[in-house]
Amino acid sequence: MSTNTLRIRIRPHAGRRALATLLVLLPVTAFASTPADDPLYPIAGGPPLIGFEEVTITAPEPRYVAPTTRDRIGRIWAPVLINGQGPFRMVLDTGASRSAVINRVADELRLPVYVDAVRLRGVTGSAIASAVKVDTLEVGELLVEGVTMPIVANAFGGAEGVLGAEGLAGKRLVIEFKNDRITISRSHREDAPPGFSTVPFKFNQYRGMRVEVLVGAVKATAVIDTGAQTTVGNLALREALSRRRGTDEQLEEAIIGVTEDIQRASRVRIPTIVAGSLLVRNASINFADLYIFDHWKLNSKPALLIGMDVLGVLDTLIIDYKLNELQIRTPR
């Protein structure tokens with residue numbers, strides 16, 4: 001495990017500002033530490049500042065799994081071999097139908113680039129993108145051959161690409177936030193371990209991983225999307241909630257997808273989200289008329305996309321594609 005060192009100067013006896021909890025996944029009682037995704041540089045030299053002292057903070061940086069904390073959205077990375085080279089740090093995106101890489105990886109592998117070769121569909125829009133063709137994509141017991149990979153401008157969390165859903169059918173993914181570990185193996189239809197709850201899902205590579213949930217008293221379809229930072233509801237869900245109880249807008253936010261299109265969203269506090277035995281309380285989620293809801297034909301009924309702001313506070317998340325089942329353990 002690598003280490004980040006941050007040097008800061010603080011004024012003695014400076015006041016502290018309390019952090020607001022955005023959401024609680026019961027029975028969560030504590031949050032783990034998080035890494036910085038970008039390199040940290042020491043403060044530039046110069047004469048000392050009067051009334052300030054220097055403090056050095058050293059914190060471990062997760063290699064593969066970063067949990068969601070009070071001030072940072074978590075992330076799931078996988079160490080992926082491309083054409084036998086790497087591994088490259090790619091963000092696991094259960095909502096993506098195909099994998100992608102950033103331009104630097106294509107350059108490093110010296111792959112020929114096919115200009116304007118594929119249509120790339122993201123949460124906020126679609127675009128024509130260049131692509132590369134690779135012989136093999138490999139991580140754990142996942143091996144995909146003959147893959148066309150779009151080139152994206154960036155991948156969230158400082159990743160070198162996106163690991164999408166191709167090849168995941170029949171696999172079992174074990175994501176351990178506490179232990180900074182991800183394992184991809186063949187599913188043998190293992191039952192959930194002791195202390196885990198289960199949530200059934202339906203999966204289609206081009207329509208995502210879907211579970212049936214209750215948002216307050218409203219039945220809705222939820223797409224489990226480990227590539228999304230935040231949870232987003234569609235306008236049909238917001239309207240259904242408004243009919244049953246008032247929803248107060250808190251602020252306007254911008255949602256940026258992999259195609260770099262921007263859509264506006266309203267952040268609203270909602271009642272509970274229940275998925276099987278999974279219970280989320282006091283959550284604030286975004287509501288927006290996202291492009292992806294229309295593409296997935298989920299605009300006409302209440303739906304939401306559950307992102308890493310919720311998933312990242314779990315202790316362990318197991319995704320079994322043969323059982324079509326999420327197996328979940330929450331922190332004690």
Side-chain angles (χ1 to χ4, degrees), residues 62-66 75-114 117-121 129-152 155-177 179-191 193 201-210 223-227 258 311 316-327:
R63 298 174 61 195
Y64 302 121
V65 177
R75 195 83 328 206
I76 302 170
W77 298 282
V80 181
L81 296 175
I82 302 177
N83 289 350
Q85 300 184 57
F88 297 97
R89 199 186 200 197
M90 299 176 69
V91 63
L92 174 68
D93 189 348
T94 57
S97 61
R98 65 168 69 193
S99 301
V101 293
I102 61 174
N103 195 68
R104 178 172 56 80
V105 173
D107 291 341
E108 183 176 337
L109 295 174
R110 297 183 180 181
L111 297 171
V113 176
Y114 298 88
V118 297
R119 176 169 291 278
L120 180 64
R121 300 185 189 275
S130 298
V132 294
K133 293 183 178 180
V134 303
D135 295 327
T136 58
L137 193 69
E138 185 175 4
V139 53
E141 294 185 2
L142 170 67
L143 174 62
V144 186
E145 297 178 321
V147 184
T148 298
M149 304 180 72
I151 296 176
V152 295
F156 181 76
E160 295 172 297
V162 173
L163 179 63
E166 70 262 67
L168 290 180
K171 299 298 187 293
R172 181 178 176 89
L173 281 60
V174 180
I175 300 151
E176 301 175 78
F177 290 97
N179 296 324
D180 184 21
R181 185 164 56 207
I182 177 173
T183 305
I184 301 178
S185 60
R186 293 181 180 87
S187 169
H188 299 288
R189 297 184 178 274
E190 298 97 323
D191 292 334
F201 66 79
K202 296 180 180 179
F203 172 71
N204 179 290
Q205 180 180 342
Y206 300 102
R207 299 181 65 199
M209 180 189 306
R210 304 186 181 197
V223 178
I224 304 298
D225 190 350
T226 59
V258 70
L311 301 172
T316 303
L317 170 63
I318 299 175
I319 306 174
D320 195 307
Y321 283 91
K322 184 170 285 187
L323 287 175
N324 283 341
E325 185 175 82
L326 301 177
Q327 299 174 0

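The nearest pair of heavy atoms linking Tyr206 to Ser97 is CD2-CB, 3.7 Å. Here the closest non-hydrogen pair linking Leu143 and Thr136 is CD1-CB, 4.0 Å. Across all non-hydrogen atoms, the minimal contact from Leu81 to Gly86 is CD2-C, 3.8 Å. Between Gly95 and Asp225, the closest heavy-atom pair is N-OD1, 3.5 Å. Between Leu323 and Glu190, the closest heavy-atom pair is CD1-O, 3.3 Å.
Contact of the Leu163 side chain with the Trp77 side chain is not registered, since no non-hydrogen atoms from C-beta on lie closer than 4.5 Å. Put simply, the side chain of Ile319 does not reach to within 4.5 Å of the side chain of Phe203, judged on heavy atoms. Between Val152 and Val101 the shortest side-chain heavy-atom distance does not fall below 4.5 Å.
In this structure, Asp180 contributes its side chain and Val65 its backbone to a donor-acceptor pair below 3.5 Å. Glu141 places no side-chain N or O within donor-acceptor distance of the main-chain N or O of Ile184, the cut-off being under 3.5 Å. Looking at Thr94, its side chain does come within 3.5 Å of a backbone N or O of Ile224 through a donor-acceptor pair. With hydrogens and angles disregarded, no donor-acceptor distance shorter than 3.5 Å links the side chain of Glu138 to the backbone of Gly84. Distance alone, capped at 3.5 Å, is enough to place a donor-acceptor pair between the Asn83 side chain and the Asp135 backbone. Checked by atom type and distance alone, the side chain of Ser187 never pairs as donor or acceptor with a backbone atom of Tyr321 at under 3.5 Å. Formation of a donor-acceptor pair under 3.5 Å by the Thr316 side chain with backbone atoms of Glu176 is not found in this model. At distances below 3.5 Å, at least one donor-acceptor pair connects side-chain atoms of Arg89 with backbone N or O atoms of Arg63.
A donor-acceptor contact closer than 3.5 angstrom is absent between the side chains of Gln85 and Arg110.
Few gaps surround CZ on Arg210; more than 12 heavy atoms of other groups in view lie less than 6.0 Å from it.
The pair Glu160-Arg104 meets the salt-bridge criterion, with a side-chain N (NZ, NE, NH1 or NH2) lying under 4.0 Å from an Asp/Glu carboxylate O.
Residues satisfying the side chain to side chain donor-acceptor pair (under 3.5 Å) criterion with Asp191, sequence neighbours excluded, are absent altogether.
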Practice task
Would you check, one step at a time, whether the test side-chain contact (heavy atoms from CB on, under 4.5 Å) holds for Ile175 with Ile318?
Solution key: CA-CA 6 Å; Ile175 300 151; Ile318 299 175; over 6 Å; no

